[in-house]
Amino acid sequence: MRRRPVAGILPEQMEKSSSKNPNSRLCLLASLSAFFWFLLLYFHFAVLRNQRTTTTTLLQPRHHIEALPEPQRPEFPFSRALSAAANKSDPCGGRYIYVHDLPPRFNRDMLEHCRSLSLWTNMCKFTTNAGLGPPLENAHSVFSDTGWYATNQFAVDVIFANRMNQYRCLTNDSSLAAAIFVPFYAGFDIARYLWGYNTSVRDAASLDLVHWLTSQPEWGFMNGRDHFLVAGRITWDFRRLTDQDSDWGNKLLFLPAAKNMSMLVVESSPWNANDFGIPYPTYFHPARDDDVFIWQDRMRKLERKWLFSFAGAPRPDNPKSIRGHIIEQCRRSNVGKLLECDFGESKCHSPSSIMHMFQGSLFCLQPQGDSYTRRSAFDSMLAGCIPVFFHPGSAYTQYTWHLPKDYTKYSVFIPEDDIRKRNVSIEERLRRIPEEEVRNMREEVISLIPRLVYADPRSKLETLQDAFDVSVQAVIDKVTNLRKDIMEGRTDENFIEENSWKYALLDEGQREVGPHEWDPFFSKPKDGSGDSGDLSANAAKNSWKNEQRDQS
């Protein structure tokens with residue numbers, strides 16, 4: 001029986017199909033083999049290799065992992081100085097001072113020509129003993145046995161520079177310096193030329209100094225904002241407003257470069273930001289800590305028979321002065337003591353007479369002179385006498401580095417107008433203060449003595465900070481804070497220089513100022529005619545003249 005063909009397929013087609021089957025199977029096997037080897041190779045090189053890499057990475061120590069680069073802070077010229085402050089093993093870290101080696105015309109040459117430093121006073125004797133002046137005799141046992149000198153009230157230039165020579169943390173590496181000191185005797189310089197010289201002569205040394213400083217590599221660190229200098233005169237001697245020869249002083253503090261520096265003066269401007277008040281020098285310059293402790297104990301034990309006292313002269317040529325009223329009240333009081341000062345022979349020229357009166361008084365009256373401040377305020381506090389101020393510019397806005405911001409802790413404030421208008425009796429006002437409060441104020445004054453005196457530059461105090469130490473640390477703090485602000489990109493765009501006196505009274509961390517109870521005392525002329533409000537060039541001239549009448 002013959003088999004029938006499959007339905008639908010012709011015999012010719014079956015024959016052709018049978019002849020092609022072996023080749024198709026070979027092609028299929030070859031394709032499957034190639035695909036298998038492709039998968040095998042992919043698995044080996046891609047999957048297994050990636051797993052080995054991941055496993056190796058996970059097993060490595062963490063510090064071998066390559067991290068993404070962190071953004072780098074920009075490098076500042078003062079970065080090394082700030083790093084030094086963080087080194088706790090270095091006792092001078094953050095306290096180094098670099099001192100410019102100025103040409104001698106800016107300091108030493110002035111001392112060699114000391115007779116030219118004052119028109120009326122031979123300053124040669126006052127520049128002896130490292131600027132302390134001749135030793136004082138203690139014939140009346142007013143002083144302690146050592147450390148007392150006839151110190152001129154304008155001698156801070158040389159005293160401060162000589163104290164700097166003994167500073168524990170001086171460095172020759174300016175990149176480590178927390179601040180840079182400029183030993184220019186600015187006060188002695190202007191004192192030579194205040195009378196009878198034109199503005200070109202008065203400005204010459206200041207312009208020369210600025211030219212020298214700005215050419216030094218250290219200036220480029222902060223454009224001078226880390227530099228400071230000291231002048232033992234009031235700020236108005238360095239703030240001449242015009243270039244007219246009739247105008248007073250020089251223009252050191254108005255020079256653009258000098259505006260970047262800090263200038264320490266015995267009286268600063270309430271309305272400017274580049275000067276800072278430091279104490280007038282007193283007659284006491286201790287060489288040891290014990291000298292201070294012994295003096296403080298002595299001031300605590302003194303019997304004080306006078307309720308209040310005043311040493312000074314009237315100012316009849318100044319209609320705003322209240323000195324005449326104060327002298328009148330002293331004369332009328334049975335518990336007030338008056339030491340009148342005038343030209344010629346006067347007990348005001350005798351340090352022992354002044355200190356003897358202050359040591360016997362509970363309160364010492366300190367009105368304005370021709371300018372806001374007086375040396376007498378520091379002489380009286382040295383004697384343990386509580387100062388009575390009549391204008392906030394006499395101390396409260398001046399010596400914020402050295403005196404408590406809470407002025408009620410160490411002083412009494414009676415507004416000038418209360419005296420001028422005869423609304424207040426000084427005696428009655430002081431009598432109303434409770435005895436316990438008086439004792440606390442007197443103890444506060446005595447505790448402040450170390451911060452108000454300049455130690456002997458030829459020795460070193462061990463545990464106490466004197467006026468020099470306090471001033472240098474304040475400058476360092478100021479520069480350090482400024483550097484941190486620069487690094488963090490912080491700026492105080494709301495700062496108003498005319499309110500500088502207010503900023504000095506702010507608490508730590510505060511930056512904004514507002515209305516203040518003392519605004520009426522510091523209102524400036526609406527016509528902008530002067531930088532000093534009621535202090536004019538004439539007042540500065542009178543201050544210079546009256547230096548001879550009373551050094552208080």
Polar side chain donor-acceptor pair, [X] to [Y], under 3.5 angstrom:
{"X": "S262", "Y": "K478", "answer": "yes"}
{"X": "S350", "Y": "H356", "answer": "no"}
{"X": "N250", "Y": "R239", "answer": "no"}
{"X": "D379", "Y": "T282", "answer": "no"}
{"X": "E427", "Y": "S333", "answer": "yes"}
{"X": "S376", "Y": "Q366", "answer": "yes"}
{"X": "D477", "Y": "Q473", "answer": "yes"}
{"X": "S269", "Y": "N272", "answer": "yes"}

Would you check if the distance from the ring center of F228 to the ring center of F181 is below 6.0 Å?
->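 Aromatic pair counts; centres sit under 6.0 Å.
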Mind checking whether H285 and W148 have ring centres under 6.0 Å apart?
-> no
Evaluate side chain to side chain donor-acceptor pair (under 3.5 Å) for Q368 paired with S394, printing each intermediate quantity in order.
-> CA-CA 7 Å; Q368 293 188 81; S394 294; 5.4 Å; no
Tested for ring pair (Phe, Tyr, Trp, His ring centres under 6.0 Å) against H227, the lone hit among Y98, F184, W219 is W219
Does the cation-pi check pass for R233 over F154, that is, NZ or CZ under 6.0 Å from the six-membered ring centre and within 45° of its axis?
-> yes
Using the ring of each side chain (for Trp, its six-membered ring), is Y454 parallel, tilted or perpendicular to F160, with breaks at 30° and 60°?
->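 The rings of Y454 and F160 stand perpendicular, inter-plane angle above 60°.
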Do any N or O atoms from the side chain of D226 and from the backbone of I180 form a donor-acceptor pair under 3.5 angstrom?
->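 Here the side-chain-to-backbone pair does not exist.
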Using the ring pair (Phe, Tyr, Trp, His ring centres under 6.0 Å) rule, take F522 and H391 through it: C-alpha gap first, then chi angles, then the decisive distance, then the call.
-> CA-CA 10 Å; F522 298 106; H391 192 291; 5.5 Å; yes
